[in-house]
K.L.:
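Below are the structure tokens for one structure; questions will follow.
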Amino acid sequence: MSVDFQSWVAAHQTRFEGVLRGLLPSAEIAPQRLHEAMRYAVLDGGKRVRPLLAFAAGELAGAQAARVEIAAAAVELIHAYSLVHDDMPCMDDDVLRRGKPTCHVQYDEATALLVGDALQTLAFQLLAEHRLNDDAAHQLEMVKLLALATGSRGMAGGQAIDLASVGKALSLPELEFMHIHKTGALIRAAVLLGAQCGAASAAQLAKLDHFGKLIGLAFQVVDDVLDCEADTATLGKTAGKDADNDKPTYVSLLGIQGARDMAQRLHREALETLAEFGAAAQRLRELADFIVLRKF
Ligand code: GRG
């Protein structure tokens with residue numbers, strides 16, 4: 001990572017933390033415990049990869065930063081909701097997330113369920129409340145895009161396939177289908193929403209969509225490798241869960257080296273889709289590098 005990129009990431013992460021603090025309901029307001037748990041699940045943790053992708057795509061498309069912040073916050077709230085629900089006993093049943101006790105451990109299961117529900121609805125409230133694009137019809141399309149990426153044809157659908165695949169041998173296309181939905185859909189939406197806060201052409205959006213699809217899948221392939229290779233302290237979540245749970249992964253299907261090779265190929269293809277943007281896509285390229293080379 002270049003020093004310039006590192007300071008771009010740090011500056012955006014810091015500013016975004018302040019944005020999230022301001023958008024989340026105060027823990028002083030009733031129901032205090034729910035609001036406190038929502039803040040616990042969202043603040044002070046996470047790499048903020050999806051918001052960073054939205055910021056980079058927004059910069060490429062000349063979007064106003066204040067608009068991209070709202071789109072990025074909506075995506076991050078959906079992501080945080082998915083982590084809270086995924087960690088619950090009825091799903092992945094985990095006790096550690098972002099280096100802290102998971103939401104249901106810190107609070108209780110009913111609260112964690114409500115935290116996820118409330119974060120998801122807050123995301124859509126933000127998209128309805130704030131101006132994201134000069135064209136209202138276009139903004140409505142953006143709301144639909146996030147809804148599709150989140151629901152049964154996107155992330156929640158991917159999670160359903162994931163839960164049903166435990167102990168089963170999936171083929172590579174089946175595994176790809178699952179991950180393009182479970183992890184990829186929201187990453188793709190982050191890139192597109194960032195760009196749609198600005199003035200990207202249909203042809204540019206198609207390229208960015210393809211980039212988001214490839215880098216979303218690469219993110220998951222790397223996640224599978226890290227689950228095998230990194231330790232719990234580095235990841236801030238329990239390592240080795242996939243093998244323990246007998247889940248099909250890129251590593252179980254291709255082996256560690258095969259999964260690494262696949263991540264490299266997806267990375268290369270993702271960078272190729274950005275070729276025509278020239279210097280304007282530099283941050284997206286650097287984020288693609290970060291996603292594939294990350295150690296946590
Ligand atoms: C509960 C509807 C529903 C969906 C859950 C995303 C997801 C679907 C579950 C999370 C389980 C998981 C570990 C998926 C692998 C990829 C992934 C999303 C990792 C976590 O994302 P990071 O690394 O997390 O961006 P941080 O904490 O950095 O934000």
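Counting convention: from 1, in listed order, for ligands and their atoms alike.
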K.L.:
A cation-pi test, strictly: NZ or CZ of Arg50 under 6.0 Å from the centre of the six-membered ring of Phe219 and no more than 45 degrees from its axis. Yes or no?
P.N.:
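Yes, Arg50 and Phe219 form such a contact.
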
K.L.:
Among all protein non-hydrogen atoms, which one is nearest to atom 25 (O) of ligand 1, and what is the separation to 0.1 Å?
P.N.:
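Answer, as residue, atom name and distance: Arg50 NH1, 2.7 Å.
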
K.L.:
What atoms of ligand 1 come closer than 4.0 angstrom to any heavy atom of Lys237?
P.N.:
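The list of qualifying atoms is 13 (C), 19 (C).
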
K.L.:
May I ask you to identify the nearest protein heavy atom to atom 22 (P) of ligand 1, giving residue, atom name and distance to one decimal place in Å?
P.N.:
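For this ligand atom, the closest protein heavy atom is Lys47 NZ, 3.5 Å.
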
K.L.:
Out of Gln125, His130, Glu129, which one pairs with Leu23 under the side chain to side chain contact (heavy atoms under 4.5 Å, CB included) rule?
P.N.:
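So the option named by the test is His130.
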
K.L.:
Side chain of Arg21, backbone of Leu43: donor and acceptor closer than 3.5 Å?
P.N.:
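Such a contact is absent between Arg21 side chain and Leu43 backbone.
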
K.L.:
Atoms of ligand 1 less than 4.0 Å from Tyr81 heavy atoms?
P.N.:
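Reading through ligand 1 atom by atom, the close ones are 2 (C).
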
K.L.:
Below 4.0 angstrom from a heavy atom of Gln220, which ligand 1 atoms are there? Numbered from 1 as shown, please.
P.N.:
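Numbered from 1, ligand 1 contributes 15 (C), 16 (C).
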
K.L.:
Pick one of side chain, backbone, both or neither for how Val49 approaches ligand 1, counting any non-hydrogen atom pair under 4.0 Å.
P.N.:
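No part of Val49 comes within reach of ligand 1.
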
K.L.:
Do other residues, nucleotides or ligands put more than 12 heavy atoms under 6.0 Å from the NZ atom of Lys247?
P.N.:
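Enclosed: over 12 neighbouring heavy atoms sit under 6.0 Å from NZ of Lys247.
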
K.L.:
Within the structure, does Lys182 bring an N/O atom to less than 3.5 angstrom of an N/O atom in ligand 1?
P.N.:
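Lys182 vs ligand 1: no N/O contact under 3.5 Å.
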
K.L.:
If we only count N/O pairs under 3.5 Å, is Asp86 in contact with ligand 1?
P.N.:
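There is no such contact.
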
K.L.:
Tell me, with the steps shown, if Phe55 and Arg283 meet side chain to side chain contact (heavy atoms under 4.5 Å, CB included).
P.N.:
CA-CA 9 Å; Phe55 291 132; Arg283 293 300 180 213; over 6 Å; no

K.L.:
Return yes when Phe219 approaches ligand 1 closer than 4.0 angstrom through a heavy atom, no otherwise.
P.N.:
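Distance cut 4.0 Å: Phe219 passes for ligand 1.
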
K.L.:
Numbering the atoms of ligand 1 from 1, which are under 4.0 Å from a heavy atom of Arg98?
P.N.:
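In order of number, 26 (P), 27 (O), 29 (O).
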
K.L.:
Below 4.0 angstrom from a heavy atom of Asp223, which ligand 1 atoms are there? Numbered from 1 as shown, please.
P.N.:
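Contacts of ligand 1 toward Asp223, numbered from 1: 15 (C), 16 (C), 19 (C).
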
K.L.:
Regarding ligand 1, does Gln159 bring an N or O atom to under 3.5 Å of one of the ligand's N or O atoms?
P.N.:
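In fact, backbone or side chain, Gln159 has no N or O that close.
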
K.L.:
From the options Ser82, Gly236, Ala80, select the one whose nearest heavy atom is closest to atom 6 (C) of ligand 1.
P.N.:
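Result: the heavy atom closest to atom 6 (C) of ligand 1 is in Ser82.
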
K.L.:
Give a yes or no on this: more than 12 heavy atoms of other residues, nucleotides or ligands lie within 6.0 Å of atom CZ of Phe124.
P.N.:
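Yes - once you tally the heavy atoms of other residues, nucleotides and ligands closer than 6.0 Å, there are more than 12.
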
K.L.:
What atoms in ligand 1 come closer than 4.0 Å to a heavy atom of His85?
P.N.:
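Those of ligand 1 that fall under 4.0 Å from His85 are 1 (C).
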
K.L.:
Are side-chain heavy atoms of Leu122 and Tyr81 found at a separation under 4.5 Å?
P.N.:
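Contact flag for Leu122/Tyr81 side chains = no.
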
K.L.:
Measure from the ring center of Phe5 to the ring center of Phe290 and say whether it is less than 6.0 Å.
P.N.:
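So the answer is no for these two rings.
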
K.L.:
Closer than 4.0 Å to some heavy atom of Gly46 - which atoms of ligand 1 meet that?
P.N.:
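Matching atoms, with element in brackets: 26 (P), 27 (O), 28 (O), 29 (O).
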
K.L.:
May I ask you to test the Met88-Asp93 pair for a side-chain heavy-atom distance under 4.5 Å?
P.N.:
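The answer is no, as the side chains (C-beta and beyond) never meet within the 4.5 Å cut-off.
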
K.L.:
Lys182 versus Ile161: any side-chain heavy-atom pair under 4.5 Å?
P.N.:
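They are not in side-chain contact.
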
K.L.:
Considering heavy atoms of the protein only, find what lies nearest to atom 24 (O) of ligand 1 and give residue, atom and distance to 0.1 Å.
P.N.:
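Ranking protein heavy atoms by distance from atom 24 (O) of ligand 1, first comes His79 NE2, 3.5 Å.
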
